[in-house]
Amino acid sequence: MTSTPPESQDLFAIAELAREFGISTRAIRFYESKGLLSPERVGATRIFRKRDRARLILILRGKRLGFTLRDISDYLSLYDADRAQQVNLLADKVDERLALLERQRDDLETTIRELREIKQLAQERLQKAG
DNA sequence: ATTCTAACA
DNA sequence: TGTTAGTA
């Protein structure tokens, strides 16, 4: 058997990850500058491992769901510490996000009704006039 | 060719 | 975050 090689092929260059996830290398460096990623270094060059790749996936998913990098950072930080607290934080953030989206949806519906009303009144005026 | 930092948009 | 400049 091949006893666990210290470090196998779970190495990635910044350009590889950028290509794989359709983001810029600049974005990846930006996430690192915000503390969301902490790749190893060989000199000044970043070496990403599976762990970093997994975190990047979580970062992108979080962004897609509308969370801020701060939210995502707070969440990721708890992975190594309180797994339980991490779940609680996630639940709170999801509720918060859901509440905001529902509020925005209500506002949007109100605005849509208002615009339809205006359109309706405008059409009625045209008919009376014409 | 590839990455890095820094600075400006 | 995008882009650009000057490197290692």
Side-chain angles (χ1 to χ4, degrees):
Chain A
M1 292 292 106
T2 48
S3 58
T4 317
E7 290 128 27
S8 33
Q9 8 280 203
D10 55 311
L11 310 177
F12 307 89
I14 190 169
E16 291 182 275
L17 292 180
R19 201 183 322 125
E20 177 178 2
F21 298 110
I23 59 181
S24 64
T25 56
R26 176 72 182 79
I28 293 176
R29 294 190 187 100
F30 184 69
Y31 299 152
E32 180 186 353
S33 77
K34 294 302 180 183
L36 306 204
L37 293 173
S38 49
E40 292 162 45
R41 298 288 186 125
V42 168
T45 301
R46 298 171 175 74
I47 299 299
F48 297 81
R49 290 171 180 292
K50 289 183 178 178
R51 174 173 189 280
D52 305 301
R53 185 172 171 286
R55 289 174 67 98
L56 183 53
I57 289 174
L58 291 178
I59 292 169
L60 297 178
R61 173 184 293 169
K63 283 199 50 179
R64 177 163 50 75
L65 295 176
F67 293 104
T68 64
L69 289 184
R70 184 51 194 283
D71 288 334
I72 300 170
S73 176
D74 292 342
Y75 174 75
L76 291 178
S77 296
L78 295 175
Y79 184 86
D80 308 294
D82 292 89
R83 290 298 200 98
Q85 196 187 319
Q86 184 184 40
V87 175
N88 291 323
L89 175 67
L90 178 61
D92 289 346
K93 287 301 181 182
V94 167
D95 284 343
E96 196 177 283
R97 181 71 182 141
L98 238 27
L100 174 60
L101 287 174
E102 287 169 356
R103 227 179 299 142
Q104 296 180 320
R105 181 184 57 193
D106 290 345
D107 288 345
L108 232 37
E109 290 175 338
T110 296
T111 299
I112 289 173
R113 279 193 227 94
E114 216 172 305
L115 289 171
R116 284 180 172 155
E117 178 68 14
I118 290 173
K119 182 181 176 183
Q120 179 70 293
L121 292 175
Q123 292 180 324
E124 289 176 4
R125 287 188 198 176
L126 281 179
Q127 295 188 342
K128 283 187 186 177

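Proteins get letters first, then strands, A, B, ... in listed order; numbering begins at 1 in each.
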query = Between the base of B/dT5 and the side chain of A/R29, is there any donor-acceptor pair under 3.5 Å?
reply = no
task = Round to a whole Å and report the spacing from CG of A/L36 to P of C/dT1.
result = 10 Å
ask   = Got a salt bridge between A/R103 and A/D107, using NZ or NE/NH1/NH2 to carboxylate O under 4.0 Å?
value = no
query = Please give, in whole Å, the distance from B/dC4 P to A/R46 CZ?
reply = 4 Å
ask   = Counting only Watson-Crick or G-U wobble pairs whose two distances fall under 3.5 Å, which nucleotide matches C/dA8?
value = B/dT2
key: side chain to side chain contact (heavy atoms under 4.5 Å, CB included) between A/F30 and A/L36, worked out   = CA-CA 9 Å; A/F30 184 69; A/L36 306 204; over 6 Å; no
inquiry  = What is the distance, to the nearest angstrom, from the CD1 atom on A/I14 to the P atom on C/dA8?
reply    = 19 Å
query = Would A/R51 and A/S38 satisfy side chain to side chain contact (heavy atoms under 4.5 Å, CB included), going step by step from the backbone distance to the final call?
reply = CA-CA 10 Å; A/R51 174 173 189 280; A/S38 49; 4.3 Å; yes
query = Does A/T45 make a side-chain N or O approach to OP1 or OP2 of B/dC4 shorter than 4.0 Å?
reply = no
ask   = Among B/dT3, C/dG2, B/dC4, which is the nearest nucleotide to the side chain of A/A27?
value = C/dG2
inquiry  = Here's a test for you: under salt bridge (charged side-chain N to carboxylate O under 4.0 Å, His left out), which of A/R55, A/R41, A/R26 qualifies with A/E32?
reply    = A/R41
ask   = Nearest to the side chain of A/R41 - B/dT5, B/dT3, C/dT1?
value = B/dT5
inquiry  = Output the rounded distance in Å from CZ (A/R26) to P (B/dA7).
reply    = 12 Å
ask   = Any chance the side chains of A/R29 and A/T25 put a donor and an acceptor closer than 3.5 Å?
value = yes
task = Whole angstrom is fine here: how far is it from CZ in A/R19 over to C1' in B/dT2?
result = 11 Å
request  = Take the protein atom CD1 of A/I23 and the nucleotide atom P of C/dT1, then report the distance between them rounded to whole Å.
outcome  = 7 Å
key: Whole angstrom value for the distance that separates C1' of B/dT2 from CD1 of A/I28   = 14 Å
inquiry  = Within the 4.0 Å heavy-atom criterion, would you say A/T25 contacts the bases, only the backbone, or no part of the nucleic acid?
reply    = nothing
Nucleotide C/dT1, atom C1' - distance to CD of A/E32 in whole Å = 16 Å
